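Atom set for the values below is all heavy atoms of this structure, side chains included, hydrogens, waters and symmetry mates excluded. Every chain is numbered from 1, with letters handed out A, B, ... down the list of sequences. For clarity, every value in this text was computed on a predicted model and none was experimentally measured.
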There are 2 protein chains.
Amino acid sequence: MSPATNPPTTPAAHRRLATDAWESLFRAQVAVARQLHKEPALRRIGEREYDVLYNLSRCPSGWLRMNELNEHVLLSQPSISRMVERLESRGLVRRKTADGDKRGVLIGLTEAGAALQRDVGRTHVVNIMQLMEDALDDDELATLLALTTKLRESATMKADMGAAAVR
Amino acid sequence: MSPATNPPTTPAAHRRLATDAWESLFRAQVAVARQLHKEPALRRIGEREYDVLYNLSRCPSGWLRMNELNEHVLLSQPSISRMVERLESRGLVRRKTADGDKRGVLIGLTEAGAALQRDVGRTHVVNIMQLMEDALDDDELATLLALTTKLRESATMKADMGAAAVR
DNA sequence: CCTATTTATATGCGTTTGCATCTATTGTAG
DNA sequence: CTACAATAGATGCAAACGCATATAAATAGG
C-alpha cells in the first residue's frame, strides 16, 4: 500500500505491483463501463455493436475487413461474422468482397449506420467526459493515456510476434 | 499527440483528452485480456468464472453475497445467479442462506474451488507479470495503479450516489 | 397487525456467444 | 499444372447471456 515511487524492495512486492496494476486497470474498466452502460441512448444498440460502428467510423478508407474488426473488438471470429450479418440486415452496415482477394469481405457503414454512430457517439462522449474528468485532472488523464497506450502497444506487439513465432 | 502536461489550450483538445484516455484504457484492457485468454490453464474455466472464484478467494470472511459478487463481476444479476448455480453443480462453490436475512445467499469456495483458483491463479500471475513488466517499469506501474484506483473509486461512488438519488 | 413497497434472488425465453468444423480462395511446392 | 497447406469467413450446435418477470422475505405506512 506504500506509494512506491522507487523499485520495490522485495520480489514479493515487485510481483504484487504488476498484478495489482492489472487488476486495478481491469476493475476501473468494469466500473466505468457499468456507468456508461446506463446511458439510455445506448439502449438502441448493444455496446459491442456500437464498438463495431465506432471502429468503422474511425477508419480512413471507410472499409474494414472482418479480421481487422476482429482485432479491435473483443469477440470471437464467428461472433463478429454474425454480428455483421445482423447489422447488415438492420441496414447499418454493408458488405462487399475485397478486391484482389475473393475470400475477403469489406465492411462499411451505411448512411443510417453512420448517423446512428454519430448520434449515440455524441451523448456517449458527454458521459465519458463527465466520468473521466470528475475522477482525474488533465495532467492525470494525459499520463493515463500515455501509460495505457504503451501497455496496449506492448501487448499487441507480443500478440503479433507470437503469431509469427509459430510459423 | 502532444505530451500535454498543462491544461489543454482549447475546449476541443480538452474533450479529446478525456475520451482518448478512456478509449486507450479500454483498448489496453482488450489487448491484455486477449493475451491472457490464450493461457491453456484458463481453458479449464471461463474468464468470468475465474473472476468469480478469484473474488471469493480474496474476501476475508470467505463468503460473499450474490449482490456483492455482482458489483465486482461485469455480468447481469441473472447471469451471476446461473453461473453460481453451475459452479455449485461442478463442486467449486457452495451456498448457504445468509443469517438474519432469509432472502440472501452467501457463496463460498469449496476445497476444490479454492484449489482450482490457486492453481489457475498461479500461472495467471506469471502471465500478467510478463505482460505488464515488459510494457512498463515499476514507477509507471505504480502510477497506473494509482490513477486507475482513483478512477474506479470515482466511478463506483457515482454509481452509489446515483442509486441513492433515485429514491 | 395487515397491506403496499422494496430488496434479494430465481426463472422463462429469445438472442448472442464460442467451439468445432465446413467451404471457398489463395499461396507454395514439386 | 497439380497437389497440399494456409487463410478468410460462414455455419451447426450447445452453452451462456440479458431482459422482463416471478417469487419470497424484509421493511414501511396506515
- Using a cut-off of strictly less than 4.0 Å between a heavy atom of the residue and any atom of DNA chain D, enumerate the qualifying residues of residues 74-83 of chain A by number. Q77(A), P78(A), S81(A), R82(A)
- Query: Whole Å only: how far is the CD atom of E85(A) from the C1' atom of dT17(C)?
  - Reply: 14 Å
- Message: Between R95(A) (side chain only) and G108(A) (backbone N and O only), is there a donor and an acceptor less than 3.5 Å apart?
- Response: no
- Yes or no on side chain to side chain contact (heavy atoms under 4.5 Å, CB included) for E49(B) and R86(B), after CA distance, side-chain angles and deciding distance? CA-CA 10 Å; E49(B) 294 175 340; R86(B) 271 171 272 142; 4.0 Å; yes
- Item | Selection: residues 46-66 of chain A, any non-hydrogen atom under 4.0 Å of DNA chain D | R65(A), M66(A)
- Distance below 4.0 Å between N67(A) side-chain N/O and dG9(D) OP1 or OP2: yes
- Item | Connected via hydrophobic side-chain network under 4.5 Å: L56(B) and V73(B) | yes
- Mind checking side chain to side chain donor-acceptor pair (under 3.5 Å) for T110(B) and listing every partner two or more places apart, or none if nothing turns up? none
- Task: Please identify each residue that fulfils side-chain contact (heavy atoms from CB on, under 4.5 Å) with Q117(B), with sequence neighbours left out.
- Result: Y50(B), L53(B), Y54(B), S57(B)
- Which residues within residues 95-108 of chain A lie with some heavy atom under 4.0 Å of an atom in DNA chain C? D101(A), K102(A), R103(A)
- Quick one: does E68(A)'s side chain have a donor or acceptor within less than 3.5 Å of a partner on R65(A)'s backbone? yes
- Note on the structure: Rounded to whole Å, CZ of R86(B) lies from P of dA10(C) at a distance of 13 Å
- Task: Please name the pair of heavy atoms, one in A21(B) and one in M132(A), separated by the smallest distance, quoted to 0.1 Å.
- Result: CB-CE, 3.9 Å
- Query: Is there a donor in the side chain of N127(B) and an acceptor in the side chain of E39(B), or the other way round, less than 3.5 Å apart?
  - Reply: yes
- Query: Excluding sequence neighbours, so at least two apart, what forms side-chain contact (heavy atoms from CB on, under 4.5 Å) with K150(A)?
  - Reply: L136(B), E140(B)
- Task: Taking S24(A) for its side chain and D20(A) for its backbone only, find out whether a donor-acceptor pair lies under 3.5 Å.
- Result: no
- Using whole Å, report how far CG of N70(A) lies from P of dA8(D). 11 Å
